[in-house]
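Worksheet for the structure shown next.
Order of listing sets the numbers, starting from 1, for every ligand and every atom in it. When a residue number appears, it is its place in the shown sequence, counting from 1.
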Amino acid sequence: MGALEQQVRAATKTPLIALLGNPNCGKTALFNRLTGARQKVANYAGVTIERKEGSFTSPGGRAFRVLDLPGAYSLSAHTPDEAITRDVVAGLRKGEQAPDAVVCVVNATNLRLNLRLVLEIRRLGLPMVLALNMVDVAKKRGILIDTAKLEAELGFPVVETVAIQAGGEKALLALLDRMPFDTKLSPNPLAAIDAVPVEETQREVRRILDECTSYANDTGNLTEQIDHVVLHPVVGPVILAALMFLVFQAVFSWAQPPMELIKSGVEATGAFVGNLLPEGPLRSLLVEGIFGGVGTVLQFLPQILILFFFILVLEDCGYLPRAAFLLDRLMGGVGLSGRAFIPLLSSFACAIPGIMAARTIQNPRDRLVTIMIAPLMTCSARLPVYALIIAAFIPDRKVWGMMNLQGLVLFLLYFAGVASAMAVAWFIKRTMGANRQQPLMLELPAYHWPHLHNLALGLWERARIFLTRVGTMILTLMVLVWFLSSFPGAPEGATQPPIYYSIAGMLGRALAVVFEPIGFGWQICIALVPGMAAREVAVGALGTVYALAGGGDDIADALAPVLAHSWSLATALSLLAWYVFAPQCMSTLSVVRRETGSVRYSFIMAGYMFALAYTASFITYRVALALGA
Ligand SMILES: Nc1nc2c(ncn2[C@@H]2O[C@H](COP(=O)(O)OP(=O)(O)OP(=O)(O)O)[C@@H](O)[C@H]2O)c(=O)[nH]1
Ligand SMILES: [Mg+2]
């Protein structure tokens with residue numbers, strides 16, 4: 001630590017405490033409880049992948065800064081996210097002081113696994129506290145822990161916490177209030193950890209547990225009973241497939257009423273504003289640009305929330321690692337690690353957190369493959385595009401008595417993304433050579449009911465992200481699209497609508513040369529370009545383009561029938577195929593550069609995805625035409 005930094009710290013005297021522990025033991029839940037933050041909490045290992053800082057004041061009036069860190073099994077880090085944790089506690093991160101104290105968070109129901117890290121951290125010589133978390137579950141299961149004895153064994157204070165209960169952090173706060181913060185880090189922290197062989201640490205853990213824990217009546221384990229069914233080699237995959245299927249059915253069938261509501265709201269407001277204003281550019285901007293464009297995107301909020309409702313429930317109840325386990329064989333077959341499951345699943349929300357979650361993968365090659373295929377998973381920004389085209393071209397009827405045909409097509413589109421990702425992974429395995437298959441080491445957490453509070457927060461967070469996007473980026477792009485599509489106006493004696501002669505029209509017509517063979521006319525080409533910044537904009541842009549091209553005011557609210565009228569089915573299918581594969585998001589490409597440390601992979605990704613998209617659309621279009629679509 002530099003002299004200056006020491007002085008600054010002496011002056012501010014705000015101790016920095018770090019929350020450390022195994023994955024999924026409740027660090028983030030505790031962090032949120034202490035600081036009032038809303039970091040993501042979920043029931044699987046590897047939720048937190050970055051260092052997060054917060055602050056709070058204890059009841060005794062003492063100010064603290066607190067760090068939430070990625071979970072780690074050991075300080076001899078094996079994965080990039082564990083390395084972050086190791087570097088932060090050991091004070092090895094550039095420009096960052098080592099913490100003044102460590103709060104070791106452990107899962108009280110799984111001390112055998114958790115205490116190993118605690119003993120490792122103890123060797124760092126920092127002031128320490130043990131937060132015995134999830135004692136509520138431990139008590140229910142009849143696990144008795146003698147905290148006084150444990151304290152004596154470990155040589156530092158032990159407190160019980162329940163991170164998900166209001167007030168569950170009280171004992172910890174009281175303890176922090178009394179703690180002195182003057183011990184210094186031992187001179188060579190990491191060497192101190194590696195000096196002791198793992199076996200010896202494990203022996204020590206066993207000895208401590210024998211001393212301090214006992215079991216009252218162990219009432220059969222519910223999690224094990226559920227797993228008996230859920231992980232069954234035949235029944236398990238059937239349940240998984242049924243679950244996935246249900247999700248996509250729900251996205252279409254449940255969303256109709258709220259979508260109608262938003263639609264009529266936007267329509268009514270648009271008509272009202274339109275009637276107030278005189279004919280002219282301002283009216284056109286508001287009616288065609290904003291209500292026609294942004295309003296169209298807004299309608300898709302219910303579908304996005306329904307999709308996330310399911311993802312959040314699955315995340316919180318503890319099912320995800322089981323799904324990873326079930327799919328491990330399949331994923332191993334194409335050269336992916338079972339650990340890739342959660343990053344890939346996160347990519348259904350957005351490829352960016354998915355690519356970042358690949359930090360939990362130990363093997364660099366596995367990690368790279370996972371990153372490269374993550375954008376093929378259908379992110380939620382693609383949902384509006386799919387939903388719009390499906391609503392326009394796929395009849396809303398039941399097939400085989402119970403299934404909604406639109407939901408089925410949506411399911412197939414998602415499936416196409418997954419299948420192509422597997423194919424690409426397989427191709428990489430064939431060309432780059434595969435790793436020896438490593439067995440999947442995954443902790444299967446205990447099941448619990450999703451916490452309503454978490455669920456509500458998660459949905460609110462999603463709605464906020466979407467509405468912010470609509471209100472900022474999408475709105476800005478829509479105004480730009482409207483501007484480019486409206487100027488310059490039509491020349492004398494024009495035979496086409498004015499947009500044909502606008503700047504956007506010219507661009508669209510130039511691009512159409514390339515896209516004609518896959519069935520995209522100039523109107524679609526206009527929508528493709530702003531769609532690169534945010535996919536949903538393509539939907540909004542189509543709304544604006546067709547509103548302007550049609551010249552009517554009320555067209556914006558009924559885009560689907562307009563599309564059904566203007567495009568052939570072959571074009572619609574080709575555009576769907578394009579959206580399954582094409583790279584359409586600049587932010588993803590830049591995150592790839594950051595996470596892989598090289599811009600090369602961003603280019604490779606963009607290149608292969610464009611090639612795939614063009615080929616897929618070409619085949620789809622030609623086959624559909626040949627079949628008379
Ligand atoms: N019953 C009970 N559940 C808890 C408690 N603390 C956390 N949980 C649940 O345990 C799961 C994991 O919590 P997180 O806070 O995400 O765990 P984490 O240690 O931050 O996990 P990583 O970020 O993956 O390392 C979530 O489902 C929480 O709701 C507790 O004291 N009691
Ligand atoms: Mg966490």
Looking only at protein heavy atoms, which one is nearest to [atom], and what is the separation?
| atom | answer |
| --- | --- |
| atom 20 (O) of ligand 1 | Thr28 OG1, 2.7 Å |
| atom 4 (C) of ligand 1 | Ile164 CG2, 3.6 Å |
| atom 25 (O) of ligand 1 | Lys27 NZ, 3.0 Å |
| atom 6 (N) of ligand 1 | Asn133 ND2, 3.1 Å |
| atom 12 (C) of ligand 1 | Asn24 OD1, 3.0 Å |
| atom 7 (C) of ligand 1 | Gly26 CA, 3.6 Å |

Under 3.5 Å between any N/O of [X] and any N/O of ligand 1: does that happen in this structure?
| X | value |
| --- | --- |
| Gly46 | yes |
| Asp68 | no |
| His448 | yes |
| Cys25 | yes |
| Val47 | yes |
| Val162 | no |
| Lys40 | no |
| Ala163 | yes |

Handout entry: CZ/Arg207: more than 12 non-hydrogen atoms of other groups inside 6.0 Å
Key =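 More than 12 heavy atoms, drawn from other residues, nucleotides or ligands, come within 6.0 Å of this atom.
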To the nearest 0.5 angstrom, please state how far the [atom1] atom of [X] sits from the [atom2] atom of [Y].
| X | Y | atom1 | atom2 | value |
| --- | --- | --- | --- | --- |
| Ile145 | Leu111 | CD1 | CG | 4.5 Å |
| Ile306 | Ile311 | CD1 | CD1 | 12.5 Å |
| Leu246 | Phe411 | CG | CZ | 11.0 Å |
| Ile164 | Glu169 | CD1 | CD | 12.5 Å |
| Arg122 | Leu130 | CZ | CG | 11.0 Å |

For [X], atoms of ligand 1 separated by under 4.0 Å from a heavy atom:
| X | value |
| --- | --- |
| Asp136 | 1 (N), 2 (C), 30 (C), 31 (O), 32 (N) |
| Val41 | 13 (O), 14 (P), 15 (O), 16 (O), 26 (C), 28 (C), 29 (O) |
| Tyr44 | 24 (O) |
| His451 | 29 (O) |
| Met134 | 4 (C), 5 (C), 7 (C), 8 (N), 10 (O), 30 (C), 31 (O), 32 (N) |
| Gly71 | 25 (O) |
| Asp316 | 27 (O) |

Handout entry: Per atom 16 (O) of ligand 1, closest listed option by heavy atom (Ala29, Ala42, Ala131, Pro23)
Key = Ala42
Handout entry: Any Phe31 heavy atom less than 4.0 Å to ligand 1
Key = no
Problem - Residue portion contacting ligand 1 (non-hydrogen atoms closer than 4.0 Å) for Ala45 - result: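 Contact part for Ala45 vs ligand 1: backbone (N, CA, C, O).
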Practice task
Evaluate the side-chain proximity of Arg339 to Gln362: yes if any heavy-atom separation is below 4.5 Å, no if none is.
Solution key: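 Not touching, per the 4.5 Å side-chain cut-off.
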Handout entry: Validation row: Glu595, Arg367 side chains within 4.5 angstrom (heavy atoms)
Key = yes
Exercise for the section: Please calculate the OG1(Thr28)-the Mg ion (ligand 2)-OG1(Thr48) angle and round it to 10 degrees. Expected result: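 It rounds to 90°.
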Exercise for the section: Using the side chain to side chain contact (heavy atoms under 4.5 Å, CB included) rule, take Ile239 and Leu326 through it: C-alpha gap first, then chi angles, then the decisive distance, then the call. Expected result: CA-CA 11 Å; Ile239 295 180; Leu326 286 172; over 6 Å; no
Practice task
Scan side-chain atoms only and decide if Glu120 and Ser74 contain a donor-acceptor pair under the 3.5 Å cut-off.
Solution key: yes
Problem - Between Tyr447 and Asn43: side-chain donor-acceptor atoms closer than 3.5 Å - result: no
Problem - Salt bridge present between Glu96 and Arg51 (N-O < 4.0 angstrom) - result: yes
Handout entry: Donor-acceptor under 3.5 Å (Asn32 side chain, Gln39 main chain)
Key = yes
Exercise for the section: Examine all N, O or S atoms of Asn24, backbone included, and report whether one is under 2.8 Å from the Mg ion (ligand 2). Expected result: no
Problem - Whether Gln39 has an N, O or S atom under 2.8 Å from the Mg ion (ligand 2) - result: no
Handout entry: Verdict with supporting geometry, Leu176 and Phe56, side chain to side chain contact (heavy atoms under 4.5 Å, CB included)
Key = CA-CA 12 Å; Leu176 287 174; Phe56 64 93; 4.0 Å; yes
Problem - Phe300-Phe466 aromatic ring centre distance below 6.0 Å - result: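 Ring centres of Phe466 and Phe300 not closer than 6.0 Å.
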Handout entry: Identified side-chain contact (heavy atoms from CB on, under 4.5 Å) partner of Val88 from the options Leu20, Leu16, Leu69
Key =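 By the side-chain contact (heavy atoms from CB on, under 4.5 Å) criterion, Val88 pairs with just one of Leu20, Leu16, Leu69: Leu69.
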